[in-house]
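Here the structure is laid out as structure tokens; the discussion comes afterwards.
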Amino acid sequence: MLPAYIGNMIPVFVGGGAPIDGGRNWKDGRRVLGPGKTWRGIILGPLVATLLVGILQYLARPGTWWGGIYPQWGPGWTWAVIVYALALGALVGDATKSFFKRRTGRERGERWIPFDQLDFVVGSLVLGLLAGALLQLAGATAGNAFLDVFTWPRVLVIVVLTPGFHLLVNWIGYKIGAKDVPW
Ligand code: CTP
Ligand code: MG
């Protein structure tokens, strides 16, 4: 789940600027997505995440002293497609959550447990699954490379552990001054 975690974290540092909703309001008079969802975040997040995962994967390649610790996301170049999709999915899930968060009248940064903690996991898994299926359809992989990594028991562990982990990471982010709120 590292691509989703990194992808979701990068915008906190590189985000800002033009909002995806262009500042427009929905029929209810509230922002469509809000000022916290920016183009810079959703474009740079997945790119930087793919780059960082690629570097980690290279450092932990078989034969190095911590070789084999890091999983291979797909054969050959296909790992990059899966990782990019996982990270982009995290931010698409996050933005989708913000849409519904605004519809319930919650402002940017307001707390909405457990949706704030799981939005990016759901989005990531959905887009990852799609990318795996597309690679298989295109003949780039024999099976769905996503399903090789994300078995049901693993998905269950991810869904159970992520909310606590997310709250902890955001609390640290708040303490070091990267985030405005501790959740
Ligand atoms: N961010 C961004 N672009 C995105 C997602 C996030 O620039 N697509 C940045 C914003 O600066 C945002 C921060 O990352 O404030 C934290 O993200 P998040 O907690 O998801 O956003 P919130 O500001 O809490 O907004 P919302 O209430 O809609 O979740
Ligand atoms: Mg938030």
Side-chain angles (χ1 to χ4, degrees), residues 1-56 73 80-131 134 146 150 155 157-183:
M1 209 47 343
L2 203 60
Y5 292 154
I6 298 178
N8 201 42
M9 228 176 317
I10 298 294
V12 176
F13 302 103
V14 304
I20 299 172
D21 63 12
R24 282 185 291 271
N25 289 339
W26 190 247
K27 286 170 257 176
D28 54 12
R30 294 176 182 281
R31 286 287 293 272
V32 180
L33 299 177
K37 306 295 120 143
T38 68
W39 284 114
R40 240 174 36 217
I42 207 163
I43 291 171
L44 288 180
L47 284 178
V48 176
T50 308
L51 201 74
L52 288 179
V53 168
I55 292 172
L56 276 179
W73 293 94
V81 177
I82 299 273
V83 169
Y84 183 84
L86 287 168
L88 179 66
L91 291 171
V92 169
D94 173 56
T96 307
K97 179 248 7 229
S98 288
F99 175 78
F100 290 108
K101 199 170 170 181
R102 298 296 96 81
R103 302 293 74 74
T104 66
R106 288 177 177 78
E107 297 300 331
R108 169 195 190 170
E110 229 178 282
R111 229 157 109 175
W112 199 25
I113 292 174
F115 302 102
D116 281 329
Q117 286 68 40
L118 285 172
D119 52 3
F120 70 106
V121 170
V122 175
S124 183
L125 294 177
V126 170
L127 254 70
L129 179 64
L130 272 176
L134 282 177
F146 168 88
F150 292 93
V155 169
V157 170
I158 288 168
V159 169
V160 170
L161 294 188
T162 296
F165 181 62
H166 183 268
L167 285 167
L168 176 72
V169 168
N170 281 358
W171 180 78
I172 295 171
Y174 171 70
K175 284 289 169 196
I176 65 170
K179 279 210 69 158
D180 299 332
V181 288
W183 50 77

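Start at 1 and go down the list; that is how both ligands and their atoms are numbered.
The distance from ligand 1 to the heavy atoms of K97 drops below 4.0 Å at these ligand atoms: 29 (O). Listed by atom number, the atoms of ligand 1 under 4.0 Å from D94 heavy atoms are 5 (C), 20 (O). Close contacts between ligand 1 and S98 involve ligand atoms 26 (P), 28 (O), 29 (O) [criterion: under 4.0 Å to a heavy atom]. Of all atoms in ligand 1, numbered sequentially from 1 with element shown, those under 4.0 Å from a heavy atom of I42 are 8 (N). Of all atoms in ligand 1, listed by their number and element, those nearer than 4.0 Å to a heavy atom of K101 are 26 (P), 27 (O), 29 (O). For ligand 1 and R108, the ligand atoms under 4.0 Å from any heavy atom of the residue are 10 (C), 11 (O), 12 (C), 15 (O), 23 (O), 25 (O), 27 (O). Atoms of ligand 1 found under 4.0 Å from any heavy atom of K37 (numbered from 1 in listed order, with element): 3 (N), 4 (C), 8 (N), 18 (P), 20 (O), 21 (O), 25 (O), 26 (P), 28 (O), 29 (O). Listed by number with element, the atoms of ligand 1 under 4.0 angstrom from any heavy atom of G16 are 7 (O).
Compare R40, R102, E110 by their heavy atoms: the one nearest to atom 27 (O) of ligand 1 is in R102. Between atom 6 (C) of ligand 1 and the options P19, G109, G41, G36, the minimum heavy-atom separation is to G36.
Applying the side-chain hydrogen bond (donor to acceptor under 3.5 Å, both in side chains) test to residues at least two apart or on different chains, the pairs with a partner in residues 2-12 are Y5-T162. Each side-chain hydrogen bond (donor to acceptor under 3.5 Å, both in side chains) pair with one or both residues in residues 10-20, not counting sequence neighbours, would appear here, but there are none.
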Practice problem: Carefully, step by step, assess L86 and F146 under the rule side chain to side chain contact (heavy atoms under 4.5 Å, CB included). | Solution: CA-CA 10 Å; L86 287 168; F146 168 88; 4.0 Å; yes

Exercise. Step by step, work out the side chain to side chain contact (heavy atoms under 4.5 Å, CB included) result for K37 and I42.
Key: CA-CA 8 Å; K37 306 295 120 143; I42 207 163; over 6 Å; no

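Under a 4.0 Å N-O distance rule, the pair R31/E107 does not qualify as a salt bridge. Under 4.0 Å is where a charged nitrogen must lie from a carboxylate oxygen, and between D116 and K101 at least one such pair does. With salt bridges taken as basic N to acidic carboxylate O contacts below 4.0 Å, none links D21 and R24.
Contacts with ligand 1 closer than 4.0 Å are made by no heavy atom of N8, backbone or side chain. Under 4.0 angstrom from ligand 1, there are no non-hydrogen atoms of R106. Contacts between E107 and ligand 1, counted as non-hydrogen atom pairs separated by less than 4.0 Å, involve the backbone only.
A donor atom on one side chain and an acceptor atom on the other are found under 3.5 Å apart for T104 and R106.
Ring geometry for H166 versus F120: interplanar angle of 30 to 60°, hence tilted.
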